[in-house]
Structures are given as C-alpha cells and as structure tokens.
Engineer: 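Supplied in structure tokens, the structure appears directly below.
Throughout, protein chains are lettered first and strands after them, A, B, ... in sequence-line order, and every chain is numbered starting at 1.
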Number of protein chains: 2
Amino acid sequence: MNSDEHGETSKAPLDRGVSRGVSILDLVLRVIAAMGTLASAIAMGTTNQTLSFFTQFIRFKARHSDFPTLTFFVVANSIVSAYLILSLPLSIVHIIRSRAEYSKLILIFFDAAMLALVTAAASSATAIVYLAHKGNARANWFAICQQFDSFCERMSGSLIGSFTAMILLILLILFSAISLARS
Amino acid sequence: MNSDEHGETSKAPLDRGVSRGVSILDLVLRVIAAMGTLASAIAMGTTNQTLSFFTQFIRFKARHSDFPTLTFFVVANSIVSAYLILSLPLSIVHIIRSRAEYSKLILIFFDAAMLALVTAAASSATAIVYLAHKGNARANWFAICQQFDSFCERMSGSLIGSFTAMILLILLILFSAISLARS
C-alpha cells in the first residue's frame, strides 16, 4: 500500500486503461465541438440575402449584422471554437499524464464558462430565428422568413453546430470530473 | 500509509477543514441560486400590463404567455429552482461525508445540464427584451416598450436572478470539481 505515493503505479492496469480511454474521448469530443462551433460561426457570419425583385434604387438586404443577437452568435461561437482548439494540447497532455489535477480543474472551470457562452449564443439566436419564422401578433412583429427564405434557412441551420457543442461541453465536464475522481 | 483505505483519516486536519469549507460554500451558493431562479420565475410569471387608455372594447394586454420565449423562461427557471432545492439534501450529505464521489459526479453532471438550461432561458429572454426595447429596423419590428413600460421594466428585472444563478452554477461546478480532486 506504500505505492500510493507514486500515483499511477498504485492503479491497476485496467483502471489506467479506463482513464486513458476517457482522456482520448475528451480529445475527440473537443475536436468535434470545435468544428461545430467554427462551422456555426462561419455559416452565420457569411449568410446574406439581397432581395433583387425590388427596383435597383431600393434594395432589401438581410445580413447577420442587422441583428445584434446574431452578431453575438458569430462572435461567441468564434471565441468558444478558439478556446476549444487552444485546449487541445492540454487535453493531449492529460492522455499522457493522467494525474494532472490542477490543469484538469482549470479545464473544468473554462469548459463551464464556455458552455454558458455557447448556450447563450445558441439560445438567443434561436429566439430571433423563431421570431423570424413565426413573428409575434401581440407585439406586431411580422415573420420575415417569407421574404428572406434562404437567409432564414441558413440561420436555422447554423444553430445545429452550436447546440451540438453545448451537449458535447456538458459531456466534457462530466468526463473531466470522472477522470478527477479516478486520479 | 496503510490508512489511505479508510478515506478521511488519511487527510491532514487542515485539508479536511478546507474540504468542509468548500462543501458549506456549495450549500450556501445553492440556496442563493435557488432563490434567484425562483424570484425570476415568479417575477416574469406574474407580470402583465393592460393598456387602459384605449376604449373598453379593444384592450391591449401584454403577458409573458404572449411570447413563447418568455414562457420558456418561466418554466426553465422553475425547473432549475426545483432542482437546486432538491439537491440541497445531497449537498448537506457532502458536508458530513466528504468522500462521496459518485454523488458528486451526479451533481456535477446535473449542475452542468441546469447551467445550460438557465443560460438558455436567460439569454433567449434577453434577446426578446432587447428587441422590445430597441426594435429592429431591418425586420420592421418596432420597440414596444414605449407602450408597455412597466411590463418591460419587470421583464428586464427578472433577468437578474437568472443570470446570477448562471454565474453561481459555474462556481458550483468548480467547487464540486475541487472537492473531487481533494477527496
């Protein structure tokens, strides 16, 4: 029982294998979440639609920058994507050194903060997309998706990556906690 | 070194004190977050304004149920509040038994899920409140806060409890992770 001071050596080989498996899964989910948020940011950031059936003097154009909430969506997804890419080296370190407790704590904290950020982006954009589709009778806000159909489709599609990242970040927090409990 | 099998006895008294302090802080933050989300749900749920300067035949009334997003806000805050209250007994158990790893893992997972839920509620409601205040020129959505001034104030105020709970839940996840790392 003296060997517990040497960390890894006190674990059974099976336990070490499970720890390593969790760490590798952490890395894979991080890559998927980074790609999801990046795709969301790009899809929303590049969408725009000009309605050309009006005269050439009056043009109706819809871009994400017309809606502050959608601009927030692009910025927040870019930040989360950048964070996830920057956290990959740390995740690789955890595969090799499974007892790095402090860096795991730092990752859990930032993962939770980024979970809040990506959820805020996804759900506020969803509120706007919902309004664009349905409108609101009480406030006299009309649905704009009849006119801006491709803009609306692109907007709705770009939410997927963001919500996927949200679910993956919840799992990442759980996996980090499991590997903290095992170490 | 044989004593590490007995859990608590292998820790120095100072370490145990820190663990207990973190657990007590966890309980206090949980109570505050529960009150914050409950207050948000009640404030948003009970707000309504009837504009009485119109004729008695046509009445303009604004309630949270006119906006699906605000109804989601009330429901989500109620769920998070109920979860936080139900998690209090478990949090008390952790003050007494600091090595309860599995129940801490369960708490971290649900805390992360509830963080996502309360953030979604707060930020989608914020998107609507922002629109109500500012409107949107491109989509021809007019600001409604000139007419529904007290409704808007109440709506804006009820966001505070929700965002407070969001920050507290991030801290709760961090504290649970710290106590997992120490145990």
Side-chain angles (χ1 to χ4, degrees), chain A residues 1-5 10 60-63 65-69 72 101-102 104-105 107-109 111-113 115-128 130-132 134-144 148 166-167 169-174 176-178 180-183, chain B residues 1-5 10 60-63 65-69 72 101-102 104-105 107-109 111-113 115-128 130-132 134-144 148 166-167 169-174 176-178 180-183:
Chain A
M1 278 300 143
N2 220 339
S3 61
D4 77 319
E5 285 177 329
S10 71
F60 285 78
K61 199 172 172 179
R63 295 193 65 232
S65 54
D66 297 324
F67 299 87
T69 310
F72 170 64
E101 293 203 339
Y102 284 106
K104 278 180 191 167
L105 281 179
L107 265 194
I108 284 193
F109 176 71
D111 282 355
L115 168 62
L117 186 60
V118 77
T119 309
S123 48
S124 56
T126 306
I128 299 298
Y130 181 84
L131 267 185
K134 298 265 178 179
N136 186 288
R138 180 68 57 184
N140 255 334
W141 294 336
F142 297 108
I144 57 166
F148 296 107
M166 185 189 92
I167 292 164
L169 275 167
I170 295 178
L171 291 178
L172 282 174
I173 291 172
L174 180 66
S176 294
I178 289 174
L180 264 180
R182 297 189 83 91
S183 68
Chain B
M1 278 300 142
N2 220 339
S3 61
D4 76 319
E5 284 178 330
S10 70
F60 285 78
K61 198 171 173 179
R63 295 192 68 231
S65 53
D66 297 325
F67 299 88
T69 310
F72 170 63
E101 293 203 337
Y102 283 106
K104 278 178 191 168
L105 280 180
L107 266 194
I108 284 193
F109 176 70
D111 282 355
L115 168 62
L117 186 60
V118 76
T119 309
S123 48
S124 55
T126 307
I128 299 299
Y130 181 85
L131 267 185
K134 299 264 177 178
N136 186 289
R138 179 69 55 185
N140 256 332
W141 295 336
F142 298 108
I144 58 167
F148 296 106
M166 185 188 92
I167 292 165
L169 275 167
I170 295 178
L171 291 179
L172 282 173
I173 290 172
L174 180 65
S176 293
I178 290 174
L180 264 181
R182 298 189 82 91
S183 67

Engineer: Return the option, out of B:Asp66, B:Ile144, B:Leu174, with the maximum number of heavy-atom pairs under 4.5 Å with chain A.
Structural biologist: B:Asp66
Engineer: So what's closer than 4.5 Å to chain A heavy atoms on B:Leu105: side chain, backbone, both or neither?
Structural biologist: both
Engineer: For residues B:Ala120 and A:Ser123, report the shortest heavy-atom separation together with the two atoms involved.
Structural biologist: CA-OG, 3.1 Å
Engineer: Do you know which two heavy atoms are closest between A:Trp141 and B:Phe142, and how far apart they sit?
Structural biologist: NE1-O, 2.8 Å
Engineer: Less than 4.5 Å to any heavy atom of chain A: does that hold for the side chain of B:Thr69, its backbone, both, or neither?
Structural biologist: side chain
Engineer: Please classify the contact of B:Leu131 with chain A as side chain, backbone, both or neither, using a heavy-atom distance under 4.5 Å.
Structural biologist: both
Engineer: If you measure from OG1 on B:Thr119 to CE on A:Met166, what distance do you get to the nearest 0.5 Å?
Structural biologist: 9.5 Å
Engineer: Which atoms form the tightest heavy-atom contact between A:Ala181 and B:Leu180, and what is the distance?
Structural biologist: CB-CD2, 3.8 Å
Engineer: For chain A, which of B:Asp111, B:Leu169, B:Leu115 has the most heavy-atom pairs under 4.5 Å?
Structural biologist: B:Leu115
Engineer: Identify, with sequence neighbours excluded, every residue that meets side-chain hydrogen bond (donor to acceptor under 3.5 Å, both in side chains) alongside B:Ser176.
Structural biologist: none
Engineer: Who are the side-chain hydrogen bond (donor to acceptor under 3.5 Å, both in side chains) partners of A:Asn140, not counting sequence neighbours?
Structural biologist: none
Engineer: Give the minimum heavy-atom separation between B:Ile170 and A:Ala116, together with the two atoms involved.
Structural biologist: CD1-CB, 4.0 Å
Engineer: Between B:Tyr130 and chain A, with a heavy-atom cut-off of 4.5 Å, which part of the residue counts as in contact: side chain, backbone, both or neither?
Structural biologist: side chain
Engineer: Which of the residues A:Ile173, A:Ile108, A:Asn136 is involved in the greatest number of heavy-atom pairs with chain B at under 4.5 angstrom?
Structural biologist: A:Asn136
